[in-house]
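Written out below as structure tokens is the structure these notes cover.
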Number of protein chains: 2
Amino acid sequence: MARDAARGTLDYCILGLLQGRPLSGYDIKRIFDRTIDYIWNAGDSQIYACLKRLHAEGLVAAETLIQVGRPNKRLYRLTPAGEQALQRWLAERVPDRFAKNEFLVKLFFCGEAPPAVALAHLEEHRASVEAQLAHGREALARALRYRGSRQRALAFQLLALEYMLAALEADLAVTDRAIARLREEVARAAQDSA
Amino acid sequence: MARDAARGTLDYCILGLLQGRPLSGYDIKRIFDRTIDYIWNAGDSQIYACLKRLHAEGLVAAETLIQVGRPNKRLYRLTPAGEQALQRWLAERVPDRFAKNEFLVKLFFCGEAPPAVALAHLEEHRASVEAQLAHGREALARALRYRGSRQRALAFQLLALEYMLAALEADLAVTDRAIARLREEVARAAQDSA
DNA sequence: TCCATCATGTAAGGTGTTACATGATTGC
DNA sequence: GCAATCATGTAACACCTTACATGATGGA
């Protein structure tokens with residue numbers, strides 16, 4: 001037994017979400033969009049394909065729920081093998097890959113373009129960061145209101161949110177400084193040419 | 001003409017690096033490893049394949065440099081078409097995709113695992129962040145010592161570094177708080193069972 | 001003698017994204 | 001009448017990683 005039947009991070013995300021309750025592919029996609037979106041996500045087609053494979057490999061069990069007035073759904077739940085695979089993955093070291101960042105790459109090469117180009121990217125980035133911050137703070141408020149079982153799971157979700165919010169706030173500070181500097185540069189250039 | 005001959009971010013990174021000087025695939029890989037690594041990178045095979053395609057599509061020109069005592073190298077330089085493609089890409093909006101984060105995903109699901117598991121991940125993460133910080137600070141010091149042409153390009157590389165360092169510092173603060181909390185929890189659990 | 005550096009590639013396989021296909025119900 | 005929600009999938013492609021292949025020079 002060299003390695004698990006589950007393959008990528010998405011597989012384990014799905015196994016993780018199935019802890020303690022059965023879900024359909026559709027449910028899983030909704031949870032992704034609502035709660036983990038800022039860390040991981042996938043298109044629905046990928047999720048359905050993944051569930052099919054996890055089922056074929058015995059990590060999840062499936063049953064079809066017949067519904068009236070709406071399409072039937074396939075409910076998946078963790079099998080003991082799936083639970084084991086998940087626990088093994090949780091204990092395994094995180095491979096430390098660099099994180100790709102399309103925004104920073106573009107900024108990195110903006111030296112040869114006119115300052116307005118970089119400024120536009122920075123301003124757009126600022127708006128995006130603020131939107132993410134708002135979204136994250138809402139999620140935080142929702143999570144803090146939550147009273148239920150799974151308090152321990154909640155603590156770790158809060159920690160992930162804390163990471164994200166801290167990163168976004170730091171990002172915003174750098175962005176604001178950069179925008180101020182660039183605006184000054186643009187203004188100086190305009191004055192010089194006048 | 002719907003879109004450029006260049007495709008992904010890697011294509012444009014390579015075009016960006018080729019601004020103002022010819023480079024071989026090997027050179028490009030070394031620059032990636034030394035300076036952009038924390039934002040983007042690629043395996044050498046991917047870089048060679050990419051260069052070949054960019055050449056076939058006329059965005060770079062190639063010449064073979066015969067060397068003595070070491071293998072010949074293929075030097076690539078930007079063509080006017082490549083320069084245009086790069087400028088177009090620089091001006092284009094950054095598509096805002098979520099950033100995948102394997103560490104946070106794992107942490108997110110650590111609620112159902114023993115606290116020691118999460119603690120191990122956090123401590124390892126801390127070490128990794130400190131290493132990246134050290135690496136980034138060195139790069140910053142090197143960049144600040146740099147005296148040459150391309151000062152404008154340098155300013156943007158410094159900005160990218162500034163983003164990275166700020167994110168890492170924020171990350172470290174959260175990590176330290178989380179480690180302290182978890183250690184306390186583990187200690188309390190040990191005391192209760194005693 | 002063995003390893004690192006210089007230098008370029010092929011081949012295979014895995015992962016992820018996008019577009020397409022289908023079809024009922026509910027609310028505006 | 002139109003769009004959104006519920007629900008599941010196939011197919012094609014684009015992208016990325018890993019392993020393999022080759023071979024000289026120079027230092028420990």
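By convention in this document, chain letters (A, B, ...) are assigned in the order of the sequence lines, proteins followed by strands, and residues within each chain are numbered from 1.
Side-chain N/O atoms of A:R70 include none lying less than 4.0 angstrom from OP1 or OP2 on C:dA24. At the phosphate of C:dT15, neither OP1 nor OP2 sits under 4.0 Å from any side-chain N or O atom of B:K100. Not one side-chain nitrogen or oxygen of B:Q46 sits closer than 4.0 Å to the OP1 or OP2 atom of D:dC15. Taking 4.0 angstrom as the limit, B:S24 places a side-chain polar atom (N or O) nearer than this to OP1 or OP2 of C:dT8. Side-chain N/O atoms of B:K52 include one lying less than 4.0 angstrom from OP1 or OP2 on C:dT10. At least one side-chain nitrogen or oxygen of B:R7 sits closer than 4.0 Å to the OP1 or OP2 atom of D:dC15.
Counting only heavy atoms from C-beta on, B:Y26 has its side chain closest to C:dA7 among D:dC16, C:dA7, D:dG9. In the set D:dA11, C:dG23, C:dA7, D:dA11 carries the atom at the smallest distance from any side-chain atom of A:S45.
When rounded to the nearest whole Å, the span between CG of B:N72 and C1' of D:dG23 equals 12 Å. Counting to the nearest Å, the P atom of D:dT8 and the CD1 atom of A:I66 are 13 Å from each other. If you measure from atom CD1 of B:I14 to atom C1' of C:dT8, you get 14 Å, rounded to the nearest angstrom. The distance from atom OH of B:Y48 to atom P of C:dA11 is 17 Å, rounded to the nearest whole Å. B:K73 has its NZ atom 19 Å from the C1' atom of D:dT22, to the nearest Å. Distance NZ (B:K29) to C1' (C:dA4): 16 Å, rounded to an integer number of Å. Here the C1' atom of nucleotide D:dA7 and the CG atom of A:L23 are 14 Å apart, to the nearest Å. The nearest whole Å value for the distance from the CD atom in A:Q67 to the P atom in C:dA24 is 16 Å.
A parallel orientation is assigned to the rings of A:F103 and A:H125, their planes being inclined by less than 30° (bins at 30° and 60°). The aromatic rings of A:W89 and A:Y12 lie parallel to each other, their planes meeting at an angle below 30°, with 60° marking the opposite boundary.
If A:A42 and B:D27 are placed on DNA chain C by their nearest nucleotide, the residue sitting closer to the 5' end is B:D27.
With respect to the salt-bridge test (charged N to carboxylate O, under 4.0 angstrom), the residues A:R126 and A:E130 qualify. The pair A:R30-A:D33 does not count as a salt bridge, with every side-chain nitrogen at least 4.0 angstrom from each carboxylate oxygen.
Side-chain contact between A:L59 and A:L86: absent, with no pair of heavy atoms (C-beta onward) separated by less than 4.5 Å.
A:R30 comes within 4.0 angstrom of sugar-phosphate atoms only, judged by non-hydrogen atoms across all strands, and of no base.
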